[in-house]
Colleague: 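I'd like to ask you about the structure that follows.
Keep in mind it's a predicted model, so treat the numbers as computed, not measured. All ligand and atom numbering here is 1-based and tracks the order in the structure.
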Amino acid sequence: MKVVKFGGSSVANAEQISKIIEIVTADADRRIVVVSAPGKRCKDDVKVTDLLIALADTVIADLDFEAALMAVVGRYAEIQRDLDLPVAVIETIEADLRGRIESRSANALQFMDAMKAAGEDCNARVIAEAFTNAGSPAIYVNPGEAGMLLSDEFGNAEVLAESYEKLASLQEAKEIVIFPGFFGVTKGGDIATFPRGGSDITGAILAAAVKADVYENFTDVDSVCSMDPRVIDNPPAIDCMTYREMRELSYAGFGVFHDEAIIPAVHAEIPICIKNTNNPSASGTMVVPKREPEHGSVVGISSAPGFSSIYIDKYMMNREIGFGRRLLQILEDEKISFEHTPSGIDNMSIILASANLSAAKEEKVISRIKAELKPDAVTVEHDLSLIMVVGEGMHYTPGMAAKATKAMADAGVNLEMINQGASEISMMFAVKDADREKTLRALGKAFFRI
Ligand code: ASP
């Protein structure tokens, strides 16, 4: 059995919905279908979720909301018309939205979630109808009734462990199950949503609950690229990578999906396949628990700008018991998370996202480091980019770092820092933001001959 998830661009209009019907019915194993709200139909379009947020804001502000409501209804009406579905479908959607507004909770966050969830909920109803209309019986399943229980952190909810057992019974459905993504209900019966983009989470939870053979995540790319196609022309596609590789790559800029979104599938060791709704015959990218890596092979190189480093130097640091702990304690006290801590015998650096280090926090942290740790020198550097070279095959392969650093040296890039992850499946390099693209081109040549 396969759990299949279609993102917003794959369900944005009737044409896309017709494609997903074809995709699902082409494979009898595709039994559970998770759908997003209609996304953008073109570059400057607005996602239905954003229209719903605007509608909710208008209601909260006690303003006339008719136009905002009609903007949402209009999106579904276009789908209903183009798919030749009965007008009653739209009447039901409009009544549903008005009902949500009328029974509005005094808690604005709770009301916002009830409205946001309508995007997926209405789309799932329309899509189930469209499947059945096309001759493939499908049923809409309500997440609350199916047992998708979430914590009551509105807008940022997490699944409760007991959901899995309840959701497992979805595999018994005779018809194709159309399940709205992005939301569930709290124990108190209120609608709550995952963070934005959360339909991926719904898909991963269902895949884990029914122990699917594979979780297919349909989006609008043929496969995940080994490097950023905005910087490198035609980078090779990734056919297969492990969860660990994906995590390291998506951490530094790989935007296919949020790595946290797939945690349920990772825990249940369900392989994930990323595929293209607009080109379903392309094999896509598999993300698997384990694979037999080719010696010395790099699966991908990612990069992200916007990092800072705090460099601390103190003679005999290695003999000073508790130095590292006290240093990190300062960050903890100031509620700053860090990314890496490369160190030497007499020095230690902390790499962190610049967004976490406001000028005021920087001043406080540096003065505390000086006062409490008495270092010989502390320097802060901004505008750094992290470059991650990732591959399970790098494990125990000599010469990988040399190959990377030689490529950078030949390109005239000044390397600010190197860190080989303890997992040995990645190498991290820090360079100045201005050198990021040059570095990527040099590494692309060295590792992928592009
Ligand atoms: N519709 C929601 C959003 O735009 C969730 C999703 O598409 O995954 O964030």
Colleague: Can a non-hydrogen atom of Gly119 be found less than 4.0 Å from any atom of ligand 1?
Modeller: no
Colleague: Pair Ser36, Lys5 - check side-chain contact (heavy atoms from CB on, under 4.5 Å), show working.
Modeller: CA-CA 8 Å; Ser36 281; Lys5 182 255 165 179; 3.9 Å; yes
Colleague: Using a strict 4.0 Å cut-off to heavy atoms of Ser36, name the atoms of ligand 1 that fall inside it.
Modeller: 6 (C), 7 (O), 8 (O)
Colleague: Check contact between Gly197 and ligand 1, using heavy atoms of the residue and a distance below 4.0 angstrom.
Modeller: yes
Colleague: One residue to check: Glu120. Relative to ligand 1, which of side chain, backbone, both or neither has a non-hydrogen atom less than 4.0 Å away?
Modeller: side chain
Colleague: Pick out which of Arg244, Glu294, Glu292 makes a side-chain contact (heavy atoms from CB on, under 4.5 Å) with Glu392.
Modeller: Arg244
Colleague: Take Asp383 and Lys432 through the test salt bridge (charged side-chain N to carboxylate O under 4.0 Å, His left out) and record every step on the way to the result.
Modeller: CA-CA 6 Å; Asp383 305 321; Lys432 281 284 187 196; 5.5 Å; no
Colleague: Given the rule in the side-chain contact (heavy atoms from CB on, under 4.5 Å) test, do Leu149 and Val159 qualify, once you have shown the distances and angles that lead to the verdict?
Modeller: CA-CA 6 Å; Leu149 284 175; Val159 67; over 6 Å; no
Colleague: Show me which atoms of ligand 1 lie under 4.0 Å from any heavy atom of Ser199.
Modeller: 5 (C), 6 (C), 7 (O), 8 (O)
Colleague: Which of the numbered atoms in ligand 1 are under 4.0 angstrom from any heavy atom belonging to Arg196?
Modeller: 3 (C), 4 (O), 9 (O)
Colleague: Are any of the side-chain heavy atoms of Asn278 and Gln16 separated by less than 4.5 Å?
Modeller: yes
